[in-house]
Amino acid sequence: MGKKKGVTGHTRAFWLFVAPALLLFSVFFILPLILSVGFSFTNYDGWKTMEFVGLQNYMKLLSSADFYKTLGRTFGYALFSLPFKVIVPLLIAVLVTSKYCKGITAVRTITYLPVLISALVVGITINWMFGQEYGLINFIIQSLGGTPMEWALNSKLATFVISFASNWASTGFYMIMFIGGIKNISPDLYEAAAVDGARGYQAFFKLTLPMLSPTIFIVLLLSTVNLLKEYALVQGITSGGPGTSTTYIVQYMFDQGFTQYRYGYASTIGVAMSIVFIIIAAVQFKITKGGEVD
């Protein structure tokens with residue numbers, strides 16, 4: 001009898017701890033997801049009109065050239081930025097966990113500080129740094145005798161600036177994840193590798209990288225999703241310009257919903273992108289085997 005009461009008490013305590021998170025998750029994720037799926041089958045304009053139109057929005061989306069162009073542009077940006085999302089924080093993590101590195105605390109703090117700043121503030125800061133007339137970068141270029149670059153008017157340069165800002169803002173977060181992964185690797189393995197004659201770079205490629213496979217998988221997955229739904233950063237730097245060269249899928253969805261008042265169609269885009277995210281996650285999981293260590 002006492003054992004049964006103990007189990008019941010543990011179960012009740014479990015649900016009491018889980019309930020707040022479950023409530024917030026339901027209100028801010030499950031409910032909006034259900035509403036979004038429902039709106040995608042209507043011509044809802046955000047105010048008065050809301051008629052059921054069936055699969056009309058989906059058929060329109062699948063035949064939209066603008067949607068495919070925006071999606072391709074988004075994937076291009078993600079593929080360009082993704083390697084830096086993994087390589088840069090990984091190298092910094094290896095550096096700050098090395099016994100040869102001095103000022104480890106300062107390096108970690110400086111690297112992590114941008115994570116604490118909102119994406120919009122990061123965008124505005126980077127926009128000032130890369131400003132054409134009064135930007136810090138162009139000032140340095142001029143001081144060295146170079147010609148100022150038109151960061152905001154060149155589509156490739158604008159994409160580079162956004163990618164730079166995104167990586168700068170997230171490097172500290174992923175660095176912490178890699179540091180945790182490196183700390184979990186037993187020092188005995190490195191000692192055994194050193195006895196076998198492995199040098200620093202050989203231990204890194206043959207030992208550290210394979211043992212970090214689960215962490216690399218998580219970083220790849222989070223980075224891909226975050227890049228595909230980049231919004232505040234882009235708004236703070238280019239607002240989608242020049243032209244539509246940095247208008248990615250979230251900007252396109254926002255424009256359809258809040259500018260053109262086509263909430264039903266915007267919801268359709270959101271549902272389609274959710275399916276894309278699931279497919280990408282499944283593919284990454286399949287290729288990397290979920291980050292399993294062989």
Engineer: Should the pair Y44 and Y263 be assigned to parallel (<30°), tilted (30 to 60°) or perpendicular (>60°) ring geometry?
Structural biologist: tilted
Engineer: Might you work through the side chain to side chain contact (heavy atoms under 4.5 Å, CB included) test for L209 and I216, ending with a clear yes or no?
Structural biologist: CA-CA 9 Å; L209 280 182; I216 292 174; 4.1 Å; yes
Engineer: Quick one: hydrophobic cluster around L24, which other residues, with the 4.5 Å side-chain cut-off, linked directly or via members?
Structural biologist: L23, V27, F28
Engineer: Whether K85 engages the ring of Y174 as a cation-pi pair (distance to the six-membered ring centre under 6.0 angstrom, angle to the ring normal within 45°) should be assessed.
Structural biologist: no
Engineer: Determine whether T49 and Y261 satisfy the following criterion, side chain to side chain contact (heavy atoms under 4.5 Å, CB included), listing intermediate values before the conclusion.
Structural biologist: CA-CA 10 Å; T49 305; Y261 301 104; over 6 Å; no
Engineer: So Y252 and F67, would you call those rings parallel, tilted or perpendicular, with 30° and 60° as cut-offs?
Structural biologist: tilted
Engineer: Between the main-chain N or O of L222 and the side-chain N or O of N226, is there a donor-acceptor pair closer than 3.5 Å?
Structural biologist: yes
Engineer: Parallel, tilted or perpendicular: which describes the rings of F285 and F217, with under 30° parallel and over 60° perpendicular?
Structural biologist: perpendicular
Engineer: Working to the nearest 0.5 angstrom, can you tell me the gap between R73 CZ and T159 OG1?
Structural biologist: 9.0 Å
Engineer: Please report the closest heavy-atom contact between A165 and I126, naming both atoms and the distance.
Structural biologist: CB-CG1, 3.6 Å
Engineer: Taking the six-membered ring for Trp and the full ring for Phe, Tyr or His, determine whether the centres of Y58 and F41 are under 6.0 Å apart.
Structural biologist: yes
Engineer: What heavy-atom pair brings I269 and M253 nearest, and what distance separates the two atoms?
Structural biologist: CG2-CB, 4.0 Å
Engineer: With ring centroids as reference points, do Y112 and F173 lie under 6.0 angstrom apart?
Structural biologist: no
